[in-house]
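In this chain, numbering begins with 1 at the start of the sequence shown.
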Amino acid sequence: MTATFGLLGRKLGHSFSPQIHRQIGEAAGRTYDYVLFEKEPGELEAFIKGGEWEGLNVTVPYKEDVIPFLDELSGEAAAIGAVNTIVRKDGRLIGYNTDYYGFMHTLDINGVRVEGAKCLVLGAGGASKAVTAVLNDMDAGQVVVMSRKGDVTFADIAEHKDADILINTTPVGMYPDTGKSLVYPGTFTKLKWVVDLIYNPLRTNLLCQAKKSLMEPISGIQMLVSQAVYSYMLFTDRVIDDRDKITEKIAGEMRSEKQNILLIGMPGTGKTTVGTVLADMLGRELFDTDEMIVARDGRPIPEIFAEDGEEYFRDLESAAASELSQKTGVIISGGGGIITREENYYALAENSFIVFLNRDLSLLPTEGRPLSQSQPLERLYQMRLPLYRSWCDAEVDMNGLTPEETAERILEIFR
C-alpha cells in the first residue's frame, strides 16, 4: 500500500499544504499522496489510533488535543506542549513540533536579530508556544506574551511600546476577515521587525502598516513552507541539505502565483497599456479601476467630476479598490489618484505587489483628465510623489522604454 500523509484539522478548505508537499517532493526526489483530513473533535481519537496514514501534519484546533493519543513526544514538542507533526514508526506514534524549526528558520533567512531584543508575541495558543520557545532559545532579552485574558492583555500595550520585534500568532487579519489588526506598529518607538504567521492574505493589515512605517514586514508564507520541509524530512527519513534554497524557491513561487501586480502612477503614464502587456505575458486578467468606475456609473470620468465632484469619484474608486482586495493573481491598473486615500492602500496592498511607474511629465497627456487640467501638472506630481513612493514595492522609470520593455522590467523585479 502506498504510504499516505496529510493534514489533520477541522476546516481545511483553504489549505496550501498539498501544493507545498508536492513541490517539496518534486524538489527533493520523492513525492507522496497528501490528503486533507477534516475531523470533528469526537472523531479525533479513533482517527489518530486507527487511521490508515503514515504521517500527519496537525493544525488548529488540534495541536494540543492530539497529545494524549501519542506514544512519545520529541524534546521540542514536549517543551512547547503542542504537536503539529505526527509520524508512525514501528507501530508507535511520535509527535513533533516543526513550527519550532520553521519559525527559527524564518528568522534566520530574514536576518532577524533576536539576541538581547525585546519581543512582543500576540496570542497564547499553540503557535505562540512554539514562537516563544524559539525566542528564548535564541537568547531574546525579554519575551512578552500578550493575549485577551492572560497575565499581559492588549489593554497593557502602552507598557510595551519599546519592543524591538513583534510577532502575531493570532488569526486576526486572516482571510476572509481581512483588514484587521490587534496593534498599530507605527505607535511603537523601537520596532524594527514585524512577523505575522498568517499567510492568507500574503501581507496582512498588520504587515501593511509595518511597511508604511518603514519597518521590515515578514509574512507567514516562509514559515509555512519551512515547517513543511522539516515535516517532509520526518515523513521520509531523509535529510534535505539545500532546504534554504527549496524553502525560498517554493515560497517565492507561491507569492508569484497568488500575488497581484498593481500599477500606480500619474494619469497618462501608461499603466493600462503596460498592464495589458503584463496580462498577456502572464495569462492573467486585467482590472482597471477607472474602467470599473465608468462601467458602473455609466458616465465618462470628466462628466462624473463635472456633475458630482472629486469626492464622489473617490468614493467610487474606493469601492472598486475594496472589491479588488479579494482578488489574487491578477493585474490591476490603478487610477492616478487612487493613492490619495489611505484606505485604498490597505485594501490593495494585502495581496498586491505594487509598482510605481514613473515617467517624464512632458510626455503625459492631459486631455480627458480633470485634475491634470485643473492645476499645473508639476504641482500635482510633487503632491503625489511621496504617496506613490510610500505605497510601492518597486519603482520603474519608464523613460526610453516601450510598454513591452517596461513589462519585462517589472517581471524581472517581481520574480
Side-chain angles (χ1 to χ4, degrees), residues 5-7 9 12-28 31-32 34-36 57 59-60 84-85 98-99 101-110 127 168 171 173-176 178 194-208 211 216-233 235 240 242-262 278-279 281-285 324-332 348-355 393-394 410-415:
F5 302 89
L7 176 65
L12 302 173
H14 299 287
S15 174
F16 295 161
S17 292
Q19 173 188 345
I20 293 171
H21 279 263
R22 175 182 54 77
Q23 289 176 286
I24 296 170
E26 290 171 353
T31 59
Y32 44 62
Y34 193 92
V35 182
L36 298 179
N57 291 125
T59 189
V60 291
N84 79 322
T85 302
T98 63
D99 282 341
Y101 298 104
F103 183 65
M104 182 177 286
H105 188 218
T106 298
L107 296 180
D108 181 55
I109 61 180
N110 283 282
N168 177 49
M174 184 168 64
Y175 179 87
T178 60
V194 180
V195 186
D196 200 321
L197 303 195
I198 292 171
Y199 53 86
N200 186 13
L202 295 169
R203 182 162 48 191
T204 60
N205 182 271
L206 176 70
L207 295 185
C208 289
K211 179 182 176 295
E216 296 187 33
I218 301 170
S219 82
I221 200 161
Q222 280 183 317
M223 178 175 167
L224 176 71
V225 176
S226 184
Q227 66 81 26
V229 170
Y230 281 92
S231 292
Y232 177 93
M233 291 192 290
F235 290 163
I240 300 177
D242 57 349
R243 53 184 174 266
D244 281 12
K245 181 179 178 181
I246 289 177
T247 297
E248 296 207 36
K249 178 178 182 292
I250 295 174
E253 288 174 352
M254 290 183 67
R255 283 194 205 93
S256 295
E257 177 187 341
K258 305 291 182 185
Q259 205 166 32
N260 307 318
I261 299 177
L262 166 63
L278 280 171
M281 292 171 69
L282 297 173
R284 296 187 176 194
E285 192 172 2
L324 291 171
S325 70
Q326 301 301 308
K327 300 288 184 182
T328 59
V330 302
I331 309 298
I332 303 172
L348 293 168
E350 288 191 338
N351 281 314
S352 295
F353 181 80
I354 304 176
V355 181
D393 297 297
I410 291 168
L411 287 182
E412 286 175 15
I413 301 168
F414 180 63
R415 286 168 173 160

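Note that CG of Leu12 is 5.5 Å distant from CG of Leu36, once rounded to the nearest 0.5 Å. Taking CZ of Phe414 as the start and CD1 of Ile261 as the end, the distance is 4.5 Å to the nearest 0.5 Å. Ser325 OG to Leu348 CG: the interatomic distance, rounded to the nearest 0.5 Å, is 7.0 Å. To the nearest 0.5 Å, the span separating OH on Tyr32 from OH on Tyr34 amounts to 7.0 Å. Considering CD1 of Ile332 and NZ of Lys327, their distance stands at 9.5 Å, rounded to 0.5 Å. In this structure, the separation between CZ on Arg243 and CD1 on Ile250 is 13.5 Å, given to the nearest 0.5 Å.
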Before you tell me yes or no, could you show the steps for Leu202 and Glu350 under side-chain contact (heavy atoms from CB on, under 4.5 Å), namely the whole-Å CA-CA distance, both residues' side-chain angles and the distance that decides it to 0.1 Å? CA-CA 6 Å; Leu202 295 169; Glu350 288 191 338; over 6 Å; no
Walk me through it: do Gln23 and Met254 pass the test side-chain contact (heavy atoms from CB on, under 4.5 Å)? CA-CA 10 Å; Gln23 289 176 286; Met254 290 183 67; 4.2 Å; yes
Before giving the answer on side-chain contact (heavy atoms from CB on, under 4.5 Å), spell out for Asn168 and Thr204 the whole-Å C-alpha distance, their side-chain angles and the decisive distance to 0.1 Å. CA-CA 10 Å; Asn168 177 49; Thr204 60; 5.9 Å; no
Would Thr106 and Thr247 count as a side-chain contact (heavy atoms from CB on, under 4.5 Å) if you check the C-alpha gap in whole Å, the side-chain angles of each, and the deciding distance to 0.1 Å? CA-CA 10 Å; Thr106 298; Thr247 297; over 6 Å; no
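Between Phe5 and Val35 the shortest side-chain heavy-atom distance does not fall below 4.5 Å. Counting heavy atoms from C-beta outward, Val225 and Glu248 have side chains that stay 4.5 Å or more apart. Side-chain atoms of Leu224 and Leu197, non-hydrogen and from C-beta on, never get closer than 4.5 Å to each other. Between Ile413 and Phe353 there is a side-chain heavy-atom pair separated by less than 4.5 Å. Side-chain atoms of Ser231 and Gln227, non-hydrogen and from C-beta on, do get closer than 4.5 Å to each other. Looking only at side-chain heavy atoms (C-beta outward), Glu26 and Thr31 come within less than 4.5 Å of each other. Within the 4.5 Å cutoff, side-chain heavy atoms of Ile240 are placed close to those of Ile246.
Not counting sequence neighbours, the partners of Glu257 by the side chain to side chain donor-acceptor pair (under 3.5 Å) test are Gln19. Applying the side chain to side chain contact (heavy atoms under 4.5 Å, CB included) rule to Ser219 yields the partners Leu207, Ile221; only residues at least two apart in sequence or on another chain are considered. Every residue meeting the side chain to side chain contact (heavy atoms under 4.5 Å, CB included) condition with Ala228, not counting sequence neighbours, appears here in chain and number order: Ile20, His21, Ile24. Shown here are the ring-ring contact (aromatic ring centres under 6.0 Å, His included) partners of Tyr199, two or more places apart in sequence or in another chain: Phe16. Taking the side chain to side chain contact (heavy atoms under 4.5 Å, CB included) definition, one finds that Met104 meets it with Tyr100, Val134, Met138, sequence neighbours left out. Listed by chain and number, the residues in a side chain to side chain donor-acceptor pair (under 3.5 Å) with Asn200 amount to none (sequence neighbours excluded).
Although no hydrogens or angles enter the test, the distance criterion places no donor-acceptor pair under 3.5 Å between the side chain of Ser352 and the main chain of Ile354. Judged purely by atom type and a 3.5 angstrom limit, Ser226 has no side-chain atom pairing as donor or acceptor with the backbone of Gln222. Under the 3.5 Å distance criterion, the side-chain polar atoms of Asn260 are matched with a main-chain donor or acceptor of Gly329.
Under the 4.0 Å criterion applied to side-chain N and carboxylate O atoms, Asp393 and Arg203 are assigned as salt-bridge partners.
The two residues Gly173 and Pro201 make their nearest non-hydrogen contact at O-CD, 3.4 Å. The nearest pair of heavy atoms linking Thr328 to Lys258 is CB-O, 3.1 Å.
Looking only at atom types and distance, the side chain of Asn351 has no donor-acceptor partner in the side chain of Gln259 under 3.5 Å away. Side-chain atoms of Asp99 and Asn84 include a donor-acceptor pair closer than 3.5 Å.
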